[in-house]
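Not measured: the values here are computed from a predicted model. Throughout, protein chains are lettered first and strands after them, A, B, ... in sequence-line order, and every chain is numbered starting at 1.
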Amino acid sequence: TRLSNTLIQLYGRFGGVKQARQVFDAMPSRTIYSWVSMLRAYAQNGHIEEAAQVYNRMPQLDLVTWTTMLVAYAQEGNLRESLQVFSEMRERDIVTWNAMLTAYAQNGCLAEAKEIFEMMPERDFVSCTAILAAYSEAGMVDRARFCFDQMPERNMVTWTTMLAAYAQRGLVDAAAKLFQKMPESDLIACNTMVSAYGQSGRLDEAVQVFEVMPVRSLVTWNAMLAAYAQSCHLDSAKKVFDSMPMKDLVAWTEMLVAYAHAGHLEEAKCVFDKMAQRDVVSWNVMVTAFGQNGYLVEAQRLFESMPFHSVMSWNSILVANSQFGEFQGSRLVFDEMPCRDTASWNALLLAYAQRGLDQKCKFLFDRMPEKS
RNA sequence: CAGUAGCUGCUCG
């Protein structure tokens with residue numbers, strides 16, 4: 001039984017929901033571990049309906065089960081259901097509280113996250129890091145730093161979260177200063193710095209951190225590659241790519257970006273066509289690449305052959321239309337979109353503004369659900 | 001043997 005439980009977990013982690021289910025079904029007897037593992041396997045792979053079915057069929061529920069289900073809903077963005085599970089729980093431990101806090105934090109509900117943080121009977125590293133990340137995500141770096149300074153104790157995760165908060169806002173020098181003050185540094189902290197320097201075009205410093213690192217992971221290499229790709233250093237990007245001990249989909253996609261930023265669309269397309277896997281991000285990169293360079297028809301064709309679309313795919317094609325098509329085209333795309341975010345509204349707003357359609361602009365602006 | 005926090009790729013600003 002234990003072996004089967006572990007198998008279910010492994011399949012779940014690896015995307016093999018079907019196989020996980022086969023193992024589960026073949027079990028002569030199941031423990032609560034089996035049920036939770038199965039529930040989690042579904043949740044991790046985005047099958048929330050199935051996860052809920054497992055949950056409803058479980059012979060008994062416990063703390064871990066409730067928390068797992070709470071997190072499953074939160075990852076779907078379904079905070080209503082998360083909260084429902086949370087309030088129905090007869091007992092809660094610190095993990096549950098942290099899970100609910102994170103649920104709010106990761107969905108941009110800072111006020112609710114703060115409320116949970118205040119209400120918690122006790123707090124640990126996880127709680128403090130989660131609230132720190134919540135401030136960071138809300139763009140409130142100073143609040144995050146205040147929180148960081150108030151913390152009774154810190155570990156590598158809290159330090160790195162603060163580092164990343166600075167990096168995300170482009171405050172590289174603040175990040176570097178903090179990095180130097182860290183009592184120790186680990187792989188992830190170094191990766192954060194490589195990426196921070198890379199994002200602000202400070203390639204020499206990125207390389208410097210990269211070279212001093214005692215161990216590197218795939219993320220390290222990808223961060224270095226992204227740094228070159230973003231700065232249009234195609235040759236260096238290629239060199240990094242070719243020296244990588246391992247390459248994943250992220251690395252390949254970053255190569256697409258490197259080619260696209262350097263204006264080499266045909267080569268990007270060539271790489272794209274021979275990639276072993278493609279996900280929605282790699283597709284989006286291609287659509288964006290063609291769209292930004294005025295190849296509206298190509299972009300449109302790619303968009304239509306995509307096996308899946310995200311909001312960003314739609315936004316990319318919307319922007320392409322705004323810049324190189326008729327403004328009615330933008331409006332059509334906008335109306336056609338299955339879902340919109342702030343970026344979509346901004347893009348259409350910009351399309352109108354660039355054509356001097358001030359009244360339409362004003363009208364749209366007033367109707368925006370939230371403004372940035 | 002199961003649940004919660006930190007790092008890399010895509011859109012507008």
Residues in side-chain hydrogen bond (donor to acceptor under 3.5 Å, both in side chains) contact with E115(A), at least two apart in sequence or another chain: none
Touch class at under 4.0 angstrom, heavy-atom based, for L218(A) against every strand present: nothing
Sugar-phosphate, base or nothing in reach of D248(A), heavy atoms under 4.0 Å: nothing
Touch class at under 4.0 angstrom, heavy-atom based, for D341(A) against every strand present: nothing
Touch class at under 4.0 angstrom, heavy-atom based, for T192(A) against every strand present: sugar-phosphate
Test side-chain hydrogen bond (donor to acceptor under 3.5 Å, both in side chains) applied to Y135(A) - qualifying residues, sequence neighbours left out: R143(A)
Non-neighbouring partners of R21(A) that pass salt bridge (Lys or Arg N to Asp or Glu O under 4.0 Å), sequence neighbours left out: D25(A)
Sugar-phosphate, base or nothing in reach of M156(A), heavy atoms under 4.0 Å: base
Charged tip of R92(A) within 45° of W97(A) ring normal and under 6.0 Å: yes
Sugar-phosphate only, base, or nothing, as touched by T129(A) at under 4.0 Å among non-hydrogen atoms: base
Set of salt bridge (Lys or Arg N to Asp or Glu O under 4.0 Å) partners for R331(A), sequence neighbours left out: D335(A)
Touch class at under 4.0 angstrom, heavy-atom based, for T253(A) against every strand present: base
Range on RNA chain B touched by chain A - first to last nucleotide, heavy-atom distance under 4.0 Å: C1(B) to G13(B)
Touch class at under 4.0 angstrom, heavy-atom based, for D62(A) against every strand present: base
Pairs flagged by salt bridge (charged side-chain N to carboxylate O under 4.0 Å, His left out) wherever residues 250-272 of chain A is involved - sequence neighbours left out: K269(A)-D273(A)
Sugar-phosphate, base or nothing in reach of A343(A), heavy atoms under 4.0 Å: base
Touch class at under 4.0 angstrom, heavy-atom based, for S127(A) against every strand present: nothing
Centroid-centroid distance, F148(A) to W159(A), less than 6.0 Å: yes
Sugar-phosphate only, base, or nothing, as touched by Q323(A) at under 4.0 Å among non-hydrogen atoms: nothing
Touch class at under 4.0 angstrom, heavy-atom based, for R2(A) against every strand present: base
